[in-house]
Amino acid sequence: MCVGARDETTTARSIRLRVEGLGLVAPGQHVDVRLTADDGYQAVRSYSLSAVPGGPPLVSPLADDEVELTVEELPDGEVSPYLVGGLEPGDPLEIRGPIGGWFVWHDTQPEPVQLIAGGSGVAPLMAMLRARSAGAGTAPFRLLYSLRDPEAEYYRDELAERERSGSFSVARVWTRRAPEGVTTTIGRLDAERLASLVFPPSAGASFYVCGPNGFVAAVSEALVGLGHDPATIRTERFGGV
Amino acid sequence: MVGFTGFASRRRADPALPPGQYLEKGFPVLATGPDPQIKRWELQIATENGAKSLSWDDFLALPQETIATDIHCVTSWSKLGTNWRGVSLDTLFDGLETTHEFAMARSYGGYTTNLPLADLLGGKAWIVHEFEGEPLRSEHGGPARLFVPHLYFWKSAKWVQGIQTMPVNTPGFWEGLGYHAHGDPWKEERYS
């Protein structure tokens with residue numbers, strides 16, 4: 001059941017769900033959301049969790065049976081418009097999961113972690129950042145966040161506050177427009193910029209790359225080209241080509 | 001089942017779509033890491049009684065089949081009326097005897113997936129190298145991928161390197177991470 005919601009941008013919303021019988025949840029996992037219309041028609045979509053018990057958002061703690069997911073409303077979407085614009089606290093929601101055992105981070109992992117997000121792909125990486133901040137682990141974390149323009153940034157206040165506290169660093173790149181006063185290259189990441197913004201191969205970091213397909217393909221290929229071991233690069237993609 | 005007054009279906013259920021699937025016009029890409037860099041392609045087909053190793057030229061010299069069919073991904077999209085070209089697993093296993101009932105497909109890059117041999121033989125599975133008349137692109141598993149369209153598409157291992165029969169149904173990559181051992185979309189065998 002939906003127990004809360006808050007807007008992240010003009011087109012994205014974080015939804016808090018209370019899940020009966022929620023078992024162990026690892027940051028990076030997703031849930032399948034199934035909607036059923038009055039005529040019996042059903043639609044299922046997968047959404048990454050953006051916060052899990054043990055890694056709550058700064059605004060409020062999460063109960064042991066609560067998770068959050070962040071949904072971007074797609075213009076031609078079938079499920080996302082309801083989740084962003086229709087679902088209200090108190091509404092039931094049918095979900096399956098949490099699912100996924102690959103694109104996950106465990107706080108027992110000792111190595112540095114490099115998160116690389118394209119747009120709304122930041123959601124599962126935020127779950128990892130939150131779990132890292134709340135847990136006992138000491139692994140250094142970095143987030144590289146590629147976004148269209150400043151207004152598209154999810155979790156803006158929370159990222160800024162967590163950055164100030166010094167637990168990790170965030171590098172932002174803007175593909176269309178940077179914030180006023182920021183002089184930086186506008187445009188997609190190339191290998192040279194990527195190399196300057198992520199852990200070097202000698203750091204032995206694990207990479208988690210999530211975003212639109214083209215972004216993930218380009219970034220993961222560039223990382224391999226920079227000498228990172230392919231086995232250290234985990235990817236999660238959405239969208240077609 | 002819960003009814004949602006706020007959710008009005010915009011699309012009619014299509015009888016060609018298995019339960020819980022939606023129609024996708026694009027071709028989403030799912031992969032656990034970077035595309036593997038394949039220096040020299042070779043395909044291994046092996047049972048407990050023998051093995052074959054095929055070069056790219058050997059593979060292309062085998063009888064080629066055209067397959068027109070639908071594909072279904074466990075992440076809920078289905079693509080209807082796709083066209084592929086490749087070599088039947090019946091052809092690839094021709095001459096190799098086995099008493100095994102299962103097989104593991106292995107890919108360049110380390111991916112694995114397990115299947116009953118009954119789902120690979122009998123005109124149900126191929127190794128394909130063309131999609132819609134074009135060479136299969138790397139992001140979709142090129143130069144060649146396993147193609148088992150009657151099962152969820154994670155069974156159709158991209159960048160396939162070999163298929164080895166086995167006496168027991170050992171889980172592959174996703175199957176060891178909670179996905180179903182079989183993966184029939186019409187039975188919604190998504191997760192174990």
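Numbered from 1 within each chain, the chains take letters A, B, ... in sequence-line order. Quantities reported herein were computed from a predicted structural model and do not represent experimental measurements.
- Partners of B:Phe131 according to the ring pair (Phe, Tyr, Trp, His ring centres under 6.0 Å) rule, which considers only residues two or more places apart in sequence or in another chain, are B:Phe27, B:Trp84.
- The distance from atom NE2 of A:His30 to atom OG1 of B:Thr75, rounded to the nearest 0.5 Å, is 8.0 Å.
- Looking at A:Ile99, only its side chain comes within 4.5 Å of chain B, counting heavy atoms on both sides.
- By the neighbour-count criterion of 12 heavy atoms within 6.0 Å, atom CD of B:Glu101 is sparsely surrounded, having that number or fewer from other residues, nucleotides or ligands.
- Within 6.0 Å of CD on B:Gln37 lie no more than 12 heavy atoms contributed by other residues, nucleotides or ligands.
- Environment of CD in A:Glu221: sparse, with no more than 12 heavy atoms of neighbouring residues, nucleotides or ligands closer than 6.0 Å.
- Side-chain N or O atoms of A:Trp102 include one that pairs as donor or acceptor with a backbone N or O of B:Thr32 at under 3.5 Å.
- Contact detail for B:Gly33 and A:Arg237: the closest heavy-atom pair is O-NH2, 3.3 Å.
- For B:Gln21, no part lies near chain A; criterion is any non-hydrogen pair under 4.5 Å.
- For A:Arg6, the CZ atom sits in a packed shell: over 12 heavy atoms of surrounding residues, nucleotides or ligands are nearer than 6.0 Å.
- Looking at B:Trp77, there are no atoms closer than 4.5 Å to chain A (heavy atoms on both sides), in backbone or side chain.
- The neighbour count for B:Glu97 CD, taken as heavy atoms of other residues, nucleotides or ligands under 6.0 Å away, does not exceed 12.
- Scanning residues 227-236 of chain A against chain B with a 4.5 Å non-hydrogen threshold yields A:Pro230, A:Ile233, A:Arg234, A:Thr235, sorted by number.
- Shown here is B:Arg106, whose CZ atom has no more than 12 heavy atoms of other residues, nucleotides or ligands within 6.0 Å.
- Open room surrounds CD on A:Glu192; 12 or fewer heavy atoms of other groups in view lie less than 6.0 Å from it.
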(request) Please lay out, stage by stage, how A:Asp32 and B:Tyr191 fare under the test side-chain contact (heavy atoms from CB on, under 4.5 Å). (result) CA-CA 11 Å; A:Asp32 284 359; B:Tyr191 313 114; 2.7 Å; yes

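- The distance from the CD atom of A:Glu78 to the OG atom of B:Ser76 is 10.5 Å, given to the nearest 0.5 Å.
- In this structure the side chain of B:Tyr22 never reaches within 4.5 angstrom of the side chain of A:Val44, judged on heavy atoms.
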